[in-house]
Amino acid sequence: MQLQKLVNMFGGDLTRRYGHKVHKLSLHGGFTCPNRDGTIGRGGCTFCNVASFADETQQHNSIAEQLAHQAKLVNRAQHYLAYFQAYTSTWAEVQVLRSMYQQAVNQASIVGLCVGTRPDCVPESVLDLLSEYREQGYEIWLELGLQTAHDKTLHRINRGHDFACYQETTRRARKRGLKVCGHLIVGLPGEGQAHCLQTLKKVVETGVDGIKLHPLHIVAGSTMAKSWQAGRLQGIELADYTATAGEMIRHTPPDIVFHRISASARRPTLLAPLWCENRWTGMVEIARYLLAHGVQGSALGASWDPILLS
């Protein structure tokens, strides 16, 4: 697949900058979420079931044990980024966060941290902590779950924050030199391609270093699963996802890195769409779309060129 020639992908970006392969290792810090524990709400976002993308059994192991286990499974990189993925990985006292992050960077093969969280859970104390690691030379990515820039949709999916909150957190983080990756979902109820392109435009205008695209998964245990089972909600078709994600990539400036352009989940947790069971399906179709219609940035009159950015 020629994806790296069509999109500024995170894997290729890391290889160019480090001179060798760097891989992300997913960790479970045993965090919860303010949208589940009652601080903001209960039940979480309507699309969410962490078991669809994270190994819940790993939360009982230490960070060092999880890293060793994940590295053995991957076994194809010289260095790694520790990715705190599950739930809200800044939702704890700073001393707790420091202990977890420090356990990760204590491993000789770790060159940085990727911290997944919500835009309303990043106080100054957390930015101070992450800035400390950046100043020590570690690569730091703050991964903010936004999903959409449309406040109406954010309310509908029970996010518990608005787009202005994302903007404010992003600006505070980037002002400190921290890299921000915005997570966006394609296929949310009531949204089409135009909504997704509007979200992309607002995210780029706010300032962003990376983007992660994700087709809407309808997963067991989520609120959306009930609507799907009642026939009130359909999963996004592969052709629709391909066209929308492809156009979002074409409208993205070439210097922004895509951490992901599709995603997968496992059955029986995954209910729909079933094409998401294979993580390569969406990527292959998007590559074909870009070959036919133009590469990253082409809709802006620019083109992604790995030689120019290396």
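Computed from a prediction, not measured in an experiment: that's the story for all the values here.
Annotation: ring pair (Phe, Tyr, Trp, His ring centres under 6.0 Å) contacts of His155 (sequence neighbours excluded): none. Taking His150 as the reference, His195 meet the ring pair (Phe, Tyr, Trp, His ring centres under 6.0 Å) condition, with sequence neighbours excluded. Residues passing the side chain to side chain contact (heavy atoms under 4.5 Å, CB included) test with Ser109 are Tyr80, sequence neighbours excluded. Scored by the salt bridge (Lys or Arg N to Asp or Glu O under 4.0 Å) test, Glu205 finds Lys201 as partners (sequence neighbours excluded). Annotation: side chain to side chain contact (heavy atoms under 4.5 Å, CB included) contacts of Gln229 (sequence neighbours excluded): Leu271. When the side chain to side chain donor-acceptor pair (under 3.5 Å) test is applied to Arg174, the partners found at least two apart in sequence or on another chain are Asp209. Taking the ring pair (Phe, Tyr, Trp, His ring centres under 6.0 Å) definition, one finds that Tyr241 meets it with Trp275, sequence neighbours left out. Taking His23 as the reference, nothing meets the ring pair (Phe, Tyr, Trp, His ring centres under 6.0 Å) condition, with sequence neighbours excluded.
The side-chain heavy atoms of Thr15 and Gln4, taken from C-beta on, include no pair separated by under 4.5 Å. Between Asn8 and Arg16 there is a side-chain heavy-atom pair separated by less than 4.5 Å. The shortest side-chain heavy-atom distance between His183 and Gln147 falls under the 4.5 Å cut-off. Contact check for Ile211 versus Leu200: side-chain heavy atoms found under the 4.5 Å cut-off.
Within a 6.0 Å radius of NZ in Lys179, more than 12 heavy atoms belonging to other residues, nucleotides or ligands are found. By the 6.0 Å contact criterion, NZ on Lys202 is enclosed, its count of non-hydrogen atoms from other residues, nucleotides or ligands being greater than 12. More than 12 non-hydrogen atoms from other residues, nucleotides or ligands lie less than 6.0 angstrom from CD of Gln136.
The minimum heavy-atom distance linking Ala104 with Leu113 is given by the pair CB-CD2, 3.9 Å.
Membership of the apolar cluster around Leu81 extends to Phe10, Leu14, Tyr18, Val22, Val111, Trp141, Val257, as traced through chained side-chain contacts below 4.5 Å between ILVMFWY residues.
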* Begin from the C-alpha positions of Arg267 and Leu270 and carry the test side-chain contact (heavy atoms from CB on, under 4.5 Å) through to its verdict. => CA-CA 5 Å; Arg267 281 198 279 184; Leu270 176 67; 4.2 Å; yes
* Does the pair Thr148 and Glu191 meet the rule for a side-chain hydrogen bond (donor to acceptor under 3.5 Å, both in side chains), with working shown? -> CA-CA 9 Å; Thr148 175; Glu191 291 201 357; 2.7 Å; yes
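Two different hydrophobic clusters hold Tyr101 and Tyr83 under the rule that ILVMFWY side chains link at heavy-atom gaps under 4.5 Å. Tracing side-chain contacts under 4.5 Å through hydrophobic residues (I, L, V, M, F, W, Y), one reaches Leu3 starting from Trp280; they form part of the same cluster.
Sorted by first and then second residue, the salt bridge (Lys or Arg N to Asp or Glu O under 4.0 Å) pairs with a member in residues 100-112 form an empty list; sequence neighbours excluded. The stretch residues 211-222 participates, sequence neighbours left out, in these salt bridge (Lys or Arg N to Asp or Glu O under 4.0 Å) pairs: Glu143-Lys212. Sorted by first and then second residue, the side chain to side chain donor-acceptor pair (under 3.5 Å) pairs with a member in residues 292-301 read Arg250-Ser298; sequence neighbours excluded.
Note that CD1 of Ile157 and OG1 of Thr223 are 11.0 Å apart. Values are rounded to the nearest 0.5 Å. In this structure, Ile140 CD1 and Arg134 CZ are separated by 9.5 Å, a value rounded to the nearest 0.5 Å.
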